[in-house]
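Have a look at the structure below, then the notes.
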2 protein chains.
Amino acid sequence: MTGTRAARAAETESALKEAAKRVFARTGYLRAKITDITAEADRAAGSFYSHFDGKESLLEALLADMLARGDERVEEAGHSPDFSDPAAVRWHVEAYWRFVRENRPVIIALHQAAMVDEHFARRLREILAPNLHDMVDHLEYIRAQGTRLPGDPLVVASALVSLIGQFTYTWLVGGGEELGRELGEREAVDTLTAFIVHGIAGGGPAE
Amino acid sequence: MTGTRAARAAETESALKEAAKRVFARTGYLRAKITDITAEADRAAGSFYSHFDGKESLLEALLADMLARGDERVEEAGHSPDFSDPAAVRWHVEAYWRFVRENRPVIIALHQAAMVDEHFARRLREILAPNLHDMVDHLEYIRAQGTRLPGDPLVVASALVSLIGQFTYTWLVGGGEELGRELGEREAVDTLTAFIVHGIAGGGPAE
DNA sequence: TGTACATCAGTGAACGCGCGTTCACTGATGTAC
DNA sequence: TGTACATCAGTGAACGCGCGTTCACTGATGTAC
C-alpha cells in the first residue's frame, strides 16, 4: 500500500509544527531551541531537518498556514467602508482581536523574529500593510463625506493600527495579569470601538 | 596625583556605555555581541568585565542613567489633571514622544530584552506603570466631572498607553520609512492629541 | 626627592559551553522480477 | 505470491562553530619609607 510513508512524514511534519506552537507560546520564539521542539513533538533532533531548513523556515511554514486560514475568512466577510458607522469600526476591531487570539503562538513568534531578523521585520510589515491601507481608504471615505479627521489619513490610520495592535497584544499576549484583571472580548471590542469612533469623528463636520 | 586611575576607569566605562548605545541603535540589543561593543569603544574584549557582569548588567546601567535623567525632568514639570483640556493631553503625548526620541537606543534595547528575559519584561512594566496609573487618575477625574468614558478607566488608560507607545515606536524607532514618509514632532503630537481628546470625551456628558 | 614594591586598568589569546547541524545507521515500506 | 534489493523516514551520538568569559601578562599609577 503506497502512501503510508508520505503519510508518516506528513504526520511528523505536522507534529513538529504543533509542538513548535506550544513551545513558542510557552518560551517564546527566540529562546526556543530546535531540540525543545523535537522533544515536545517526541521525535529525535535530526528529524527536524528532514522537514525544515531551520527555525526560520519552520516559522515561514507556520505563517503560510496562518495566512491561508486568514484568507478564507476574508473571502466570506464583506464589510462596510463607512467608518462613521460604529458597526464598521467594530467589524475591524473584532476581526483583529479574534485573529490574534486564534494565532497567539505565531503572532508571538513573528514579533520576536522581527526584532532580530530583517526578513521577518519586512514580513510583518507586509502582513499588516493591507489592513493599514484599508483603514486609509475608510478614513478618506468619511473625510469625503465631510468628517474632519484629527490628521492626515495615513497618520491617523497608523494610529488606529498602533492602538488596535498594541492593545490586543497587551491583553491577549501579555495576558493582562500585570494589570491585575482579565479582559473579555466583548468589553475589549466595545471600549476600542467607542474610543475610535469618537476619536476619528469627534472633530465634527468640517466647516 | 591621585584620581587618575579612577578617572581612566570612569572614562572607559562611559566609552563602553556610549558605544553600546550606538551598537544597540544600529544592530539591536539581541544581536549585539560583547566584542561589537568593545570594538566600537576601542577597547579589548576583556575590558568589558572590569565594568559589567554581562550585557544585562550593562543595560541595567543604561536604564539607571535614563531614569535618573527622566526623574529630574518630572520634578520641574507639573501638569494639569484635567483631560478634557487638550493641553493636558498634549503635555503627556509630547513628554512621551520626546522621551522616546531622546532615549531611542535604550528603549530599543529594553524592548528587545523584555522579549527574552523575564527580568526586563518586569522592568519594562515597572517603568510604564506610573504613567499608566497617572492616566487612570486623569480619566477618573474627568469622569467625576461628568464625562462619559468609552469604558472602564483602567482599560481606557491601557488603550491610551498602547496608542501613544506603539505610535511613537512605529514612527521614531521603525523610522516610518516603511510608511513612505517622515513625521515631525508637531504633526505627531497634534494628531495624537486630537484623536485622544475626542476619543475619551466624545461620548459627551453622561445623562 | 628617590627607590622598591603594590595595586590596578586594560590587553588579547585561549578556553570551553551551548546548541545547531550532520551523518552513519536502523527498520520499515515500496519496487522489480 | 515470494524474494532480493532500493528507498526513505526517523534516530541520536558526535562534531564544530560562535561567542561569552577567563586569566596570565603589561605598563602605568599609587604608596611606603
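Lettering follows sequence order; numbering is per chain, from 1. On a predicted model such as this, the values are computed, not experimentally measured, just so you know.
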Checklist entry - Backbone N or O of A:Asp65 within a donor-acceptor pair of the A:Lys17 side chain at under 3.5 Å? => result no
Item to check | Main-chain N/O of B:Tyr29 paired with B:Gln112 side-chain donor or acceptor, under 3.5 Å | outcome: yes
Checklist entry - Which word best sums up how the rings of A:His138 and A:His92 line up, parallel for under 30°, tilted for 30 to 60°, or perpendicular for over 60°? => result perpendicular
Item to check | From CA spacing to verdict: salt bridge (Lys or Arg N to Asp or Glu O under 4.0 Å), A:Glu185, A:Arg90 | outcome: CA-CA 12 Å; A:Glu185 173 174 314; A:Arg90 164 177 283 273; over 6 Å; no
Checklist entry - Salt bridge check: are B:Glu126 and B:Arg123 linked by an N-O gap of less than 4.0 Å? => result yes
Item to check | Side-chain ion pair, B:Glu94 and B:Arg98, N-O less than 4.0 Å | outcome: yes
Checklist entry - Does the side chain to side chain contact (heavy atoms under 4.5 Å, CB included) test come out yes or no for B:Arg69 and B:Glu102, once each step is laid out? => result CA-CA 11 Å; B:Arg69 266 177 293 130; B:Glu102 285 164 23; 5.6 Å; no
Item to check | Nearest-neighbour nucleotide for the A:Thr4 side chain, D:dT29, D:dT7, C:dG30 considered | outcome: C:dG30
Item to check | Value in whole Å for how far the C1' atom of C:dC19 lies from NZ of A:Lys55 | outcome: 11 Å
Next on the checklist: So that I can tick it off, tell me whether B:Arg181 and A:Asp152 are bridged by a salt bridge, with the cut-off set at under 4.0 angstrom between side-chain N and carboxylate O.
Outcome noted: yes
Checklist entry - Yes or no on salt bridge (Lys or Arg N to Asp or Glu O under 4.0 Å) for A:Arg22 and A:Glu18, after CA distance, side-chain angles and deciding distance? => result CA-CA 6 Å; A:Arg22 289 193 297 277; A:Glu18 292 307 310; 5.2 Å; no
Checklist entry - Can A:Ile108 and A:Phe24 be said to form a side chain to side chain contact (heavy atoms under 4.5 Å, CB included), step by step? => result CA-CA 7 Å; A:Ile108 293 172; A:Phe24 293 165; 5.5 Å; no
Checklist entry - What residues in residues 40-50 of chain B put a non-hydrogen atom under 4.0 Å from any atom of DNA chain D? => result B:Gly46, B:Tyr49
Item to check | Proximity to DNA chain D (any heavy atom under 4.0 Å), residues of residues 7-39 of chain B only | outcome: B:Lys33, B:Ile34
Checklist entry - Given the rule that a pair is Watson-Crick or G-U wobble with both distances under 3.5 Å, how would you write DNA chain D in dot-bracket, using | for pairs to a different strand? => result .||||||||||||||||||||||||||||||||
Checklist entry - When you check the phosphate oxygens OP1 and OP2 of C:dA9, does a side-chain N or O of B:His51 lie under 4.0 Å from one of them? => result no
